[in-house]
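All ligand and atom numbering here is 1-based and tracks the order in the structure.
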Amino acid sequence: MAVTVDEALTLVRARALKARKQKVPLGKAMGRVLARPVLASRDQPPFNASAMDGYATRKDFLSGDQATLTVIGESSAGRAFEGRLGADEAVRIFTGAPVPADCDAIVIQENVVRGEQIIELTPDGRVPMPTHIRKAGQDFKAGDTLLERGVRLDPWRLSLAAAAGCDTLSVVRRPHVVVLCTGDELVLPGYNPKADQIYESASYALMALIRQWGGKASYLGLQGDDAKGIHKALKGVKADLIVTVGGASVGDYDLVKPALAKLGLTLDFDSVKVRPGKPTSFGALEDGRRALSLPGNPASAFVTAQLFLKVWIEASLGMEATSPFVTALVQGVLGPAGPREAYLRAKLSSSSYGQLQVTAFDDQDSSLVSVFARADALIRLPAGAAAQKTGARVIVLPLDRL
Ligand SMILES: Nc1nc2c(c(=O)[nH]1)N[C@H]1C(S)=C(S)[C@@H](COP(=O)(O)OP(=O)(O)OC[C@H]3O[C@@H](n4cnc5c(N)ncnc54)[C@H](O)[C@@H]3O)O[C@H]1N2
Ligand code: MOO
């Protein structure tokens with residue numbers, strides 16, 4: 001069954017794993033997806049806090065006849081002033097320190113002339129500045145949901161969880177994805193290729209992408225064009241998803257599907273109406289492991305990984321589906337799309353006034369590793385799309401470059 005990209009995405013999502021929880025220390029939670037929300041157990045800040053170094057006092061002391069205040073104590077960050085203020089009194093205060101209970105104004109130290117115990121207010125010092133006091137709960141309040149379930153932790157979200165006092169987080173277990181490459185012509189980097197061989201390169205991108213997208217990746221190495229060998233390599237392997245690369249098409253040496261068939265493969269689709277990436281298939285084995293077979297041409301494997309592998313990993317992590325697309329103005333000429341939805345390797349730039357622009361590489365052959373290494377986006381052309389000229393708005397899928 002040949003399906004469109006959208007149909008394939010629906011089928012891939014339908015075979016996502018049920019999220020399994022595990023606890024991890026906050027310091028190890030970068031990149032993980034929350035299995036439970038992070039809630040605030042207290043207000044932040046927990047007290048009215050001074051935003052400036054200066055003097056805490058009362059507004060009514062600033063507006064009276066008196067232009068001097070008596071300093072009766074100090075409040076510093078971590079050491080609150082516990083006393084009470086009398087008439088025309090102030091407390092020395094520092095940024096981040098609790099504002100004493102009966103104070104409602106901060107005079108910054110630049111706006112006073114400091115004496116021994118008495119400070120003299122300059123005219124500016126007599127104007128109350130509400131922003132100099134950060135209200136308790138200004139950042140967040142006890143009981144607030146700070147981070148929703150399904151959110152992926154990034155540096156700023158980790159900081160928020162820390163600000164809420166969480167030392168461990170409940171996250172979704174990473175789906176385990178194994179990668180097997182097939183083809184008699186392939187040699188691992190570091191070994192000597194014969195004249196008719198090439199280096200295996202696709203798995204290096206795929207393994208890194210799986211990790212970047214939130215999965216756990218294991219490399220099963222290389223298998224020749226031998227259905228028995230492929231079957232043996234996959235038979236007892238622990239995995240949530242098996243990704244095979246190569247041997248996916250219709251030739252005499254395309255032996256991945258027969259090998260997976262022996263493991264009880266039920267196919268959801270065996271071909272996608274996409275260019276590159278037509279011989280991509282997906283389904284599940286008898287034992288529940290999912291199997292995604294990618295074409296061997298590196299660009300075909302990378303495009304289909306970006307489309308389907310990423311979505312399967314994210315759905316299995318309990319992340320909400322979001323559109324990965326933006327739009328940009330095309331530079332140069334794009335030919336018509338043909339009968340399959342097309343993804344052209346392209347380079348993003350921005351105009352002098354910040355408009356996103358995109359330029360397709362001239363050579364779109366699906367074997368080219370060098371072009372992908374320079375691309376930072378894919379231009380998506382719907383099946384049957386007409387040719388496009390400079391200035392046309394096109395749909396773009398930015399790549400997850402570091
Ligand atoms: N008669 C037909 N021939 C082909 C069709 C078709 O429909 N009818 N489809 C073409 C399309 S589209 C693609 S894409 C390729 C993909 O085929 P396979 O998945 O069977 O890939 P291979 O033949 O094994 O390899 C293709 C190409 O990629 C190189 N390769 C494979 N694995 C790797 C790797 N891990 N790292 C680097 N390079 C790799 C391999 O050496 C080949 O050059 O089939 C078309 N044929
Ligand atoms: O679909 Mo193939 O991936 O055109 O080279």
Side-chain angles (χ1 to χ4, degrees), residues 1-5 8 177-191 193-210 217-227 229-230 233-234 242-261 265 267 269-283 291-309 335-345 360-361 363-373 375 378-381 383:
M1 335 99 231
V3 294
T4 63
V5 171
V177 184
V178 296
V179 177
L180 178 75
C181 291
T182 68
D184 288 338
E185 77 284 20
L186 300 176
V187 177
L188 289 176
Y191 291 81
K194 289 188 269 169
D196 54 1
Q197 291 187 305
I198 61 166
Y199 289 116
E200 196 281 286
S201 61
S203 76
Y204 291 85
L206 295 173
M207 297 282 293
L209 286 168
I210 291 163
S218 304
Y219 185 46
L220 300 182
L222 279 176
Q223 277 294 317
D225 294 311
D226 158 26
I230 299 171
L234 296 176
I242 295 167
V243 172
T244 62
V245 184
S249 187
V250 293
D252 297 350
Y253 298 100
D254 294 331
L255 300 169
V256 165
K257 251 178 261 148
L260 290 173
L265 175 68
L267 274 174
F269 56 85
D270 66 0
S271 162
V272 184
K273 294 172 194 161
V274 65
R275 204 184 75 181
K278 182 176 147 206
T280 303
S281 61
F282 179 75
L292 173 66
S293 294
L294 305 180
N297 278 316
S300 314
F302 302 157
V303 166
T304 48
Q306 189 76 38
L307 293 174
F308 307 120
L309 180 52
R340 291 186 261 159
E341 181 169 319
Y343 286 82
L344 309 180
R345 277 67 75 202
F361 287 94
D363 194 345
Q364 292 287 331
D365 189 274
S366 59
S367 66
L368 305 178
V369 189
S370 58
V371 168
F372 236 107
L378 302 171
I379 299 174
R380 174 192 174 191
L381 296 178

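Put simply, the residue from D225, L260, T182 that forms a side-chain contact (heavy atoms from CB on, under 4.5 Å) with L255 is D225. Partner of T244 under the side-chain contact (heavy atoms from CB on, under 4.5 Å) criterion, out of V178, V256, L220: V256 alone.
For atom 23 (O) of ligand 1, the closest non-hydrogen atom on the protein side is D254 OD1, 4.1 Å. Protein heavy atom nearest atom 30 (N) of ligand 1, with residue, atom name and distance: G296 O, 3.2 Å. Taking atom 24 (O) of ligand 1 as the reference point, the nearest protein heavy-atom neighbour is G247 N, 2.9 Å. In terms of protein heavy-atom proximity, atom 7 (O) of ligand 1 is closest to K278 NZ, 3.2 Å. Summary of contacts: the protein heavy atom closest to atom 27 (C) of ligand 1 is N297 OD1, 3.1 Å. From the protein, the heavy atom lying nearest to atom 37 (C) of ligand 1 is S201 OG, 3.4 Å. In terms of protein heavy atoms, atom 18 (P) of ligand 1 is closest to A248 N, 3.5 Å.
Looking at heavy atoms from C-beta onward, L307 lies in side-chain contact with Y343 at the 4.5 angstrom threshold. Considering only heavy atoms from C-beta on, T280 comes within 4.5 Å of P295 through its side chain.
Side-chain N/O atoms of E200 and Y219 include a donor and acceptor closer than 3.5 Å. A donor-acceptor pair shorter than 3.5 Å can be found between the side chains of N297 and S366.
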Test side-chain contact (heavy atoms from CB on, under 4.5 Å) on L309 and V243 and set out the steps. CA-CA 9 Å; L309 180 52; V243 172; 4.0 Å; yes
The test is side-chain contact (heavy atoms from CB on, under 4.5 Å); show your working for L180 and L234 and say whether it passes. CA-CA 8 Å; L180 178 75; L234 296 176; 3.9 Å; yes
Can you list the steps and then say if V5 with F308 is a side-chain contact (heavy atoms from CB on, under 4.5 Å)? CA-CA 9 Å; V5 171; F308 307 120; 4.2 Å; yes
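Atom OG of residue S293 and atom NZ of residue K257 lie 7.5 Å apart, to the nearest 0.5 angstrom. Between I230 atom CD1 and I242 atom CD1 the span is 12.0 Å, to the nearest 0.5 Å. For the atom pair R380 CZ and L378 CG, the distance stands at 11.5 Å (nearest 0.5 Å).
Taking a cut-off of under 4.0 Å to the non-hydrogen atoms of I198, the atoms of ligand 1 that pass are 38 (N), 41 (O). Which parts of ligand 1 touch P295 is read off a 4.0 Å heavy-atom cut-off, strictly below it: atoms 14 (S), 16 (C), 19 (O). For ligand 1, the atoms lying closer than 4.0 Å to a non-hydrogen atom of G246 are 19 (O), 21 (O), 24 (O).
Of the N or O atoms in E200, one or more lie within a sub-3.5 Å distance of an N or O in ligand 1. Remark: ligand 1 and E185 share an N or O pair separated by less than 3.5 Å (distance only, no angle test). At a 3.5 angstrom cut-off on N or O pairs, A202 counts as close to ligand 1. Annotation: R340 places no N or O atom under 3.5 Å from an N or O atom of ligand 1; distance criterion only. Checked by distance only, ligand 1 and S203 stay at 3.5 Å or farther apart across all their nitrogen or oxygen atoms. When only interatomic distances are considered, the shortest N/O to N/O separation between S366 and ligand 1 does not fall below 3.5 Å.
Here A301 has no heavy atoms under 4.0 Å from ligand 1, in either its backbone or its side chain.
With S249, S367, P279 as candidates, the residue nearest to atom 12 (S) of ligand 1 on a non-hydrogen basis is P279. When L186, T244, D184, V250 are ranked by how near their heavy atoms come to atom 8 (N) of ligand 1, first place goes to V250.
Between A337 and L381 the shortest heavy-atom distance is CB-CB, 3.8 Å.
Relative orientation of the F302 and F372 rings is perpendicular, given thresholds of 30° and 60° on the angle between their planes.
The pair K273-E341 fails the salt-bridge criterion, with no side-chain N (NZ, NE, NH1 or NH2) lying under 4.0 Å from an Asp/Glu carboxylate O.
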Short N or O separations between ligand 2 and the protein, below 3.5 Å:
{"unit_1": "ligand 2", "atom_1": "1 (O)", "unit_2": "G277", "atom_2": "N", "d": "2.6"}
{"unit_1": "ligand 2", "atom_1": "1 (O)", "unit_2": "K278", "atom_2": "N", "d": "2.9"}
{"unit_1": "ligand 2", "atom_1": "1 (O)", "unit_2": "R340", "atom_2": "NH1", "d": "3.2"}
{"unit_1": "ligand 2", "atom_1": "3 (O)", "unit_2": "G277", "atom_2": "N", "d": "2.5"}
{"unit_1": "ligand 2", "atom_1": "3 (O)", "unit_2": "S300", "atom_2": "OG", "d": "2.4"}
{"unit_1": "ligand 2", "atom_1": "5 (O)", "unit_2": "S300", "atom_2": "OG", "d": "3.3"}
{"unit_1": "ligand 2", "atom_1": "5 (O)", "unit_2": "S366", "atom_2": "OG", "d": "2.5"}

